[in-house]
Amino acid sequence: MNQKINKKEDWIYEYHQGVRYGLEGKLILEEFSPFQKITIYESKRYGRALLLDDCWMTAEKHEKSYHECLIHPALCSSKTLDKILIIGGGDGGSARECLKYKEVKSLDLIEIDEKVVELSKRYLPIIGGNAWSDARLRLEIKNGIDWVKNTKTNFYDVIIIDGADPVGPSEKLYSNSFLKECKRILKPGGVFATQSESPESFKNIHINIIKQLREIFDYADPIYGSVSIYPSGLWSWTFASMEKPIYKYPSKIRVKEISENCQVWSKRWQEGAFNTIPVSIERELEKND
Ligand code: SPD
């Protein structure tokens with residue numbers, strides 16, 4: 001991933017494998033935290049945006065096409081919704097979507113980089129919205145790997161991994177040992193969800209994430225959707241569960257509770273999204289290594 005930002009023009013680009021993904025606008029701020037470079041940018045098309053290490057993470061007028069797809073298949077289907085865990089997600093968008101469910105009693109948001117939270121709250125307050133002041137939210141600035149390691153077995157109803165690409169601070173969130181620990185702390189009847197990269201621009205990483213999850217959990221399946229600021233614009237999220245692919249069966253009551261306020265996700269969208277797996281990816285997944 002050879003990224004660099006071109007500051008001469010009023011454009012900012014993420015560079016990936018000979019292609020650049022850019023937005024026109026104005027640089028607001030660039031800072032280095034102990035973990036990464038953080039950029040806040042005012043784009044003409046999608047409003048304020050956040051980049052980490054020169055990769056697009058989210059943008060105000062566009063973030064729903066990512067956060068809704070990561071959250072609702074998991075939260076609409078988990079047997080219970082008492083305790084939710086998000087690892088990463090320091091912009092608050094995933095937390096906001098989770099807290100739309102009245103059944104959620106507590107939400108632990110574990111973000112390694114305090115600066116991401118601080119700058120998101122200051123420059124992108126719309127993304128976290130009311131989540132930041134919701135009494136059910138517990139924000140901890142901690143390493144997610146350690147958090148999961150130190151959590152009791154069968155503890156969370158839903159686990160969401162909202163990390164950046166698997167390089168830098170997020171790399172270990174895609175490791176076998178971490179995913180096994182996630183399974184250990186997930187309650188029976190619970191759902192695990194992770195962003196799982198693009199089947200086009202990160203094909204091998206994407207396939208590996210699904211394969212790993214299929215080995216660790218009993219079931220794992222990806223959905224596909226459009227996130228236009230990410231490399232190739234085609235993105236994926238993968239859901240995993242034990243005993244049956246519970247994530248394919250959203251509860252009617254929760255669907256009703258949530259759908260009205262969604263821009264992308266619906267029960268029908270989700271059914272389609274589980275069925276848009278490119279056949280080349282299906283073939284790769286069927287291969288035995
Ligand atoms: N290529 C970008 C992948 C980033 C996924 N996480 C985005 C964080 C939004 N909450």
Side-chain angles (χ1 to χ4, degrees), residues 1-3 5 12-17 19-23 35-41 46-72 74 84-99 107 109-113 115-121 123-129 131-132 137 139 144 160-174 193-206 209 222-238 264-265:
M1 290 170 219
N2 299 312
Q3 298 90 11
I5 288 177
I12 205 165
Y13 299 108
E14 175 177 344
Y15 290 81
H16 182 69
Q17 294 177 341
V19 188
R20 61 184 187 175
Y21 302 91
L23 290 178
F35 300 98
Q36 56 209 338
K37 177 177 169 187
I38 306 172
T39 308
I40 306 285
Y41 189 70
Y46 296 121
R48 291 254 169 102
L50 168 75
L51 296 97
L52 296 180
D53 285 338
D54 301 334
C55 294
W56 296 108
M57 288 296 125
T58 196
E60 285 172 337
K61 294 183 190 159
H62 164 277
E63 50 87 19
K64 291 186 166 62
S65 64
Y66 172 89
H67 292 120
E68 288 182 7
C69 308
L70 174 63
I71 301 306
H72 298 310
I84 313 297
L85 172 66
I86 300 176
I87 305 285
D91 53 64
S94 289
R96 183 204 65 219
E97 288 303 314
C98 288
L99 291 167
L107 168 58
L109 176 60
I110 315 302
E111 165 63 57
I112 197 167
D113 194 340
K115 270 271 162 223
V116 171
V117 176
E118 184 198 317
L119 296 176
S120 298
K121 281 183 178 174
Y123 291 99
L124 304 153
I126 290 173
I127 295 186
W132 297 124
L137 179 77
L139 168 66
I160 307 282
I161 310 299
D162 184 10
D165 303 307
V167 282
S170 286
E171 191 175 359
K172 290 201 176 125
L173 300 180
Y174 304 86
T194 183
Q195 77 88 10
S196 48
E197 303 288 313
S198 164
E200 197 279 327
S201 29
F202 298 93
K203 188 175 172 191
N204 292 338
I205 295 176
H206 171 66
I209 294 171
I223 59 171
Y224 298 89
S226 158
V227 184
S228 49
I229 60 174
Y230 291 173
S232 87
L234 175 60
W235 212 252
S236 79
W237 303 264
T238 298
V264 176
W265 184 89

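Numbering of ligands and ligand atoms starts at 1, following listing order. Because the structure is a prediction, the values reported are computed rather than measured.
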A.B. asks: Kindly give the heavy-atom pair with the smallest separation between G89 and E111, and that separation in Å.
C.D. replies: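 The answer is N-OE1, 3.7 Å.
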A.B. asks: Among all protein heavy atoms, pick the one closest to atom 7 (C) of ligand 1 and tell me residue, atom and distance.
C.D. replies: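 For this ligand atom, the closest protein heavy atom is Y230 OH, 3.2 Å.
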A.B. asks: Output yes when the distance from some N or O of ligand 1 to some N or O of S94 is under 3.5 Å, and no in every other case.
C.D. replies: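 Such a contact does not occur with ligand 1.
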A.B. asks: So which protein heavy atom does atom 8 (C) of ligand 1 come closest to, and at what separation?
C.D. replies: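 Of the protein heavy atoms, D162 OD1, 3.3 Å lies nearest.
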A.B. asks: Can H72 and E68 be counted as having a side-chain donor-acceptor contact under 3.5 angstrom?
C.D. replies: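 Result is no, nothing qualifies.
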A.B. asks: Is W235 touching ligand 1 with its side chain, its backbone, both, or neither, if touching means heavy atoms under 4.0 Å apart?
C.D. replies: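 For W235, the contact with ligand 1 is made by the side chain alone.
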A.B. asks: Give me the nearest non-hydrogen protein atom to atom 9 (C) of ligand 1 as residue plus atom name, then the distance to 0.1 Å.
C.D. replies: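 In this structure, atom 9 (C) of ligand 1 has D91 OD2, 3.1 Å as its nearest protein heavy atom.
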A.B. asks: Judged on heavy-atom distance to atom 6 (N) of ligand 1, which of G163, G128, G88, A164 sits nearest?
C.D. replies: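 It is G163 whose heavy atom sits nearest to atom 6 (N) of ligand 1.
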A.B. asks: For the CD1 atom on I126, are there more than 12 heavy atoms of other groups (residues, nucleotides or ligands in this structure) within a distance under 6.0 Å?
C.D. replies: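 No, because the 6.0 Å sphere around CD1 of I126 holds 12 heavy atoms or fewer from other groups.
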A.B. asks: Between D162 and S94, do the side chains contain an N or O donor and an N or O acceptor separated by less than 3.5 Å?
C.D. replies: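 Checked: D162/S94 side chains pair up, N/O donor to acceptor below 3.5 Å.
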A.B. asks: Do H206 and Y224 have side-chain atoms, one donor and one acceptor, less than 3.5 Å apart?
C.D. replies: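 The criterion, which ignores hydrogens and geometry beyond distance, is satisfied for Y224 and H206.
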A.B. asks: Is any side-chain heavy atom of Y174 closer than 4.5 Å to one of Q195?
C.D. replies: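 The answer is yes, as the side chains (C-beta and beyond) meet within the 4.5 Å cut-off.
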A.B. asks: Kindly confirm or rule out an N or O of Y66 lying under 3.5 angstrom from an N or O of ligand 1.
C.D. replies: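 Such a contact does occur with ligand 1.
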A.B. asks: Begin from the C-alpha positions of L51 and I38 and carry the test side chain to side chain contact (heavy atoms under 4.5 Å, CB included) through to its verdict.
C.D. replies: CA-CA 6 Å; L51 296 97; I38 306 172; over 6 Å; no
A.B. asks: Would you kindly specify which portion of W56 sits under 4.0 Å from ligand 1, judged on non-hydrogen atoms: side chain, backbone, both or neither?
C.D. replies: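 The answer is the backbone.
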A.B. asks: Specify side chain, backbone, both or neither for H67, according to which of its non-hydrogen atoms lie closer than 4.0 Å to ligand 1.
C.D. replies: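 It is the side chain that touches ligand 1; the backbone stays farther off.
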A.B. asks: Which residue supplies the protein heavy atom nearest to atom 3 (C) of ligand 1, what is that atom called, and how far is it?
C.D. replies: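 Heavy-atom neighbour on the protein nearest atom 3 (C) of ligand 1: D165 OD1, 3.5 Å.
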